[in-house]
A.B. asks: 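Just passing along the structure, written as structure tokens.
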Amino acid sequence: MTIPYPNPQPMPVIPAVTPPSGASRPRVTFLGTGYLGATYAICYAELGYEVLGFDVDADKIAKLNAGEVPIHEPGLDELLRRNLAAGRLRFSTDIGETADFGDVHFICVGTPQRADGMGADLSYVEASVTSLAQRLTRKALIVGKSTVPVGTAEWVEQLVGKHTPTDLGVEVAWSPEFLQEGFAVDDVLRPNRIVVGVKSEWANGMLYAAHKGVFDLAATEDREVPLVVTDFATAELVKVAANAFLATKISFINAMAEVCEASGGDVTQLARAIGYDPRIGNRFLQAGLGFGGACLPKDIRAFQARAQELGAGEALRFLHEVDLINLRRRTRVLQLAADLLGRRSGPAGPDLSGTRIAVLGATFKPNTDDVRDAPALAVAALLHKAGADVHVFDPQGVENARRAVPELQYEATITDAVTDTDLVCVLTEWADFRNADPVALGELVAGRRVVDGRNCLDAALWTQAGWEYRGLGRP
Ligand code: UGA
């Protein structure tokens, strides 16, 4: 069926539909309680929905049912406990129970980079959809939220067709998410848009009902949340296009940093100056160690792989460059460290043996404990590989970092990390580091040398306190 509602203004008239469970509002489930699914489950309970979160990981489910959020995300703990107590929210490892409970099932499982290439690994999507579909006994809507290669929704629809009797009329839709770690609660409760890819009026109505809490909250706060109703392919592409754009914007300013380094310019002033143009804007224009995390790096790679399969590889070739610019920032920090320490680089890179270096920051950005593809941790590993004795401190990420890169030395405080070091590298812009007192830190170190990998320190203040300071893309 063609989409009855062209994009998107004014707000289309959405058909009212009755949830198959007979409840007045659709009962919603979230399959996969990682960053995405756990946050959504908790926030949708907060919006008043009856929610069940499903995961195959019994540990995670036990923690969530006990009121413990398995990730560090500001504000989420309190919402979890409140909604568990209110009886609107529970978590289960039982897929049959999940199938029985829900009217709308959101697929929130991970789609990591495949071990054998750049494409996305869809095995978790396949497993969760299949096990759910096999246990459905009435009509329901299965909605993909995971970030996927374009074409996945059609494939999921075929999977569902294969595993459910036709007379149940189970349908599929796609609704990408745009939450940022560190701001996840607000991004779910107050999104800047909702995008749905649907094929029928029923799916559109059901999905609208499943998002009505978000629209109602916006109305009470005198805001509007734009709704884009579109087809499957566009809905899938919106997500990867958005992440590709953000990654490109970051690599653009980091490319300018490289040119500044070669020419004596200052990329922080350049970014400020171009960012005043509202067509450019100053957000996501922070030059530094570049992007990491579980999303941008793998999404731009999977996007290129998929475009290649579709015969549109050339259109996304620039994303390869975006990736390379991003990765070059990591070796640039290694180079700056060697320069500051007076070490020369050979063909295998610099030899930093005999030096002691403090790395402040391990997470891929502040206000999270997530170290997946974290530039800070990657640089710490490079410094270690070059022979330095590396001491890492991060306000939230130490436990995860230790699991990911056990060979580094992890410290409990900034003081412990910097004491007696020859060089301090600030690689994640936590407020604790931005606000650290360079005079007090200067008393602890063996040599006052600092690499500001996020251009987040007050260079004048550090220089006045006797530090030799190097930023990225700065003279
Ligand atoms: C990103 C997107 O911003 C979200 O909209 C999207 O929903 C999410 O991926 C996802 O696909 O699930 P997130 O990975 O939480 O969110 O992180 P960002 O805030 O986008 O930051 C990514 C990286 O870029 C971080 O390492 C950060 O330090 C770096 N960055 C960001 C810069 O180097 N410069 C900037 O100006 C901004």
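Residue numbers count from 1 along this sequence. First listed ligand is number 1; within each ligand, the first listed atom is number 1.
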A.B. asks: Decide whether the shortest distance between a heavy atom of Cys295 and an atom of ligand 1 is less than 4.0 Å.
C.D. replies: yes
A.B. asks: Which ligand 1 atoms, with their elements, are less than 4.0 angstrom from a heavy-atom of Arg454?
C.D. replies: 28 (O), 33 (O)
A.B. asks: Can you tell which of Asn243, Asp299, Leu289, Asp373 gets a heavy atom nearest to atom 2 (C) of ligand 1?
C.D. replies: Asn243
A.B. asks: Once you restrict to heavy atoms under 4.0 Å, what part of Lys249 touches ligand 1? Side chain, backbone, both or neither.
C.D. replies: neither
A.B. asks: What atoms of ligand 1 come within less than 4.0 Å of a heavy atom belonging to Lys239?
C.D. replies: 7 (O), 10 (C), 11 (O), 12 (O)
A.B. asks: Using heavy-atom distances, let me know which of Asn455, Leu179, Leu36, Thr368 sits nearest atom 4 (C) of ligand 1.
C.D. replies: Leu179
A.B. asks: Select the closest option to atom 18 (P) of ligand 1 among Gln180, Arg372, Lys365, judged by heavy-atom distance.
C.D. replies: Lys365
A.B. asks: Under 4.0 Å from a heavy atom of Glu181: which atoms of ligand 1 are those, numbered in the order shown and with their elements?
C.D. replies: 15 (O)
A.B. asks: Looking at atom 22 (C) of ligand 1, what's its closest protein heavy atom, distance included?
C.D. replies: Leu296 CD1, 3.8 Å
A.B. asks: Verify the distance criterion only: is there a donor paired with an acceptor across the side chains of Asn254 and Arg329 at less than 3.5 Å?
C.D. replies: no
A.B. asks: Run the salt bridge (Lys or Arg N to Asp or Glu O under 4.0 Å) test against Glu181 and tell me which residues pass, sequence neighbours left out.
C.D. replies: Arg372
A.B. asks: Closest heavy-atom contact between Ala271 and Leu285?
C.D. replies: CB-O, 3.5 Å
A.B. asks: Do the side-chain N and O atoms of Tyr469 and Asp452 include a donor-acceptor pair separated by under 3.5 angstrom?
C.D. replies: yes
A.B. asks: Consider every N or O of Gly293 and every N or O of ligand 1, then say whether any pair is closer than 3.5 Å.
C.D. replies: no
A.B. asks: State whether Glu177 and Lys239 are salt-bridged, where the test is any N-O pair (Lys NZ or Arg NE/NH1/NH2 against Asp/Glu carboxylate O) under 4.0 Å.
C.D. replies: yes
A.B. asks: Could you check Ile357, Leu457, Leu360 and say which one makes a side-chain contact (heavy atoms from CB on, under 4.5 Å) with Val424?
C.D. replies: Leu360
A.B. asks: What residue and heavy atom of the protein are closest to atom 5 (O) of ligand 1, and at what distance?
C.D. replies: Phe178 O, 3.0 Å
A.B. asks: Output every pair passing side-chain hydrogen bond (donor to acceptor under 3.5 Å, both in side chains) with a member in residues 47-61, not counting sequence neighbours, ordered by first then second residue.
C.D. replies: Thr33-Asp55
A.B. asks: Which protein heavy atom lies closest to atom 24 (O) of ligand 1, and at what distance to 0.1 Å?
C.D. replies: Phe291 CB, 3.2 Å
A.B. asks: So, Arg474 and Glu261, do they make that salt bridge, N to O below 4.0 Å?
C.D. replies: no
A.B. asks: Does any N or O atom in Glu429 lie less than 3.5 angstrom from one in ligand 1, N or O only?
C.D. replies: no
A.B. asks: Measure from the ring center of Tyr44 to the ring center of Phe30 and say whether it is less than 6.0 Å.
C.D. replies: yes
A.B. asks: Among protein heavy atoms, which sits nearest to atom 35 (C) of ligand 1, and what does the distance come to when rounded to 0.1 Å?
C.D. replies: Gln286 CB, 3.7 Å
A.B. asks: What residue and heavy atom of the protein are closest to atom 20 (O) of ligand 1, and at what distance?
C.D. replies: Phe284 CZ, 3.3 Å
A.B. asks: Before you tell me yes or no, could you show the steps for Leu132 and Ile95 under side chain to side chain contact (heavy atoms under 4.5 Å, CB included), namely the whole-Å CA-CA distance, both residues' side-chain angles and the distance that decides it to 0.1 Å?
C.D. replies: CA-CA 6 Å; Leu132 172 70; Ile95 191 69; 4.2 Å; yes
A.B. asks: Check whether any N or O atom of Thr147, backbone or side chain, sits under 3.5 Å from an N or O atom of ligand 1, and answer yes or no.
C.D. replies: no
A.B. asks: What protein heavy atom is closest to atom 31 (C) of ligand 1, reported as residue, atom name and distance in Å?
C.D. replies: Ile250 CD1, 3.5 Å
A.B. asks: Where on Arg283 is there a heavy atom closer than 4.0 Å to ligand 1, on the side chain, on the backbone, on both, or on neither?
C.D. replies: neither
A.B. asks: Do Phe215 and Tyr208 have their ring centres less than 6.0 Å from each other?
C.D. replies: yes
A.B. asks: Would you say ligand 1 has an N or O under 3.5 Å from any N or O of Pro375?
C.D. replies: no
A.B. asks: Could you measure the distance from the CD1 atom of Ile71 to the CG atom of Leu76? Nearest 0.5 Å is fine.
C.D. replies: 5.5 Å
A.B. asks: Flag Leu246 as yes when one of its N or O atoms lies below 3.5 Å from any N or O atom of ligand 1, and as no otherwise.
C.D. replies: no
A.B. asks: With a 4.0 Å cut-off on heavy atoms, is Gly292 in contact with ligand 1?
C.D. replies: yes
A.B. asks: What atoms of ligand 1 come within less than 4.0 Å of a heavy atom belonging to Leu285?
C.D. replies: 36 (O)
A.B. asks: Any side-chain donor-acceptor pair under 3.5 Å between His391 and Gln409?
C.D. replies: no
A.B. asks: Provide, to 0.1 Å, the distance between atom 14 (O) of ligand 1 and the closest protein heavy atom, together with that atom's residue and name.
C.D. replies: Phe364 CE1, 3.6 Å
A.B. asks: Is the shortest distance from a Lys or Arg side-chain nitrogen in Asp121 or Arg301 to a carboxylate oxygen in the other one below 4.0 Å?
C.D. replies: no
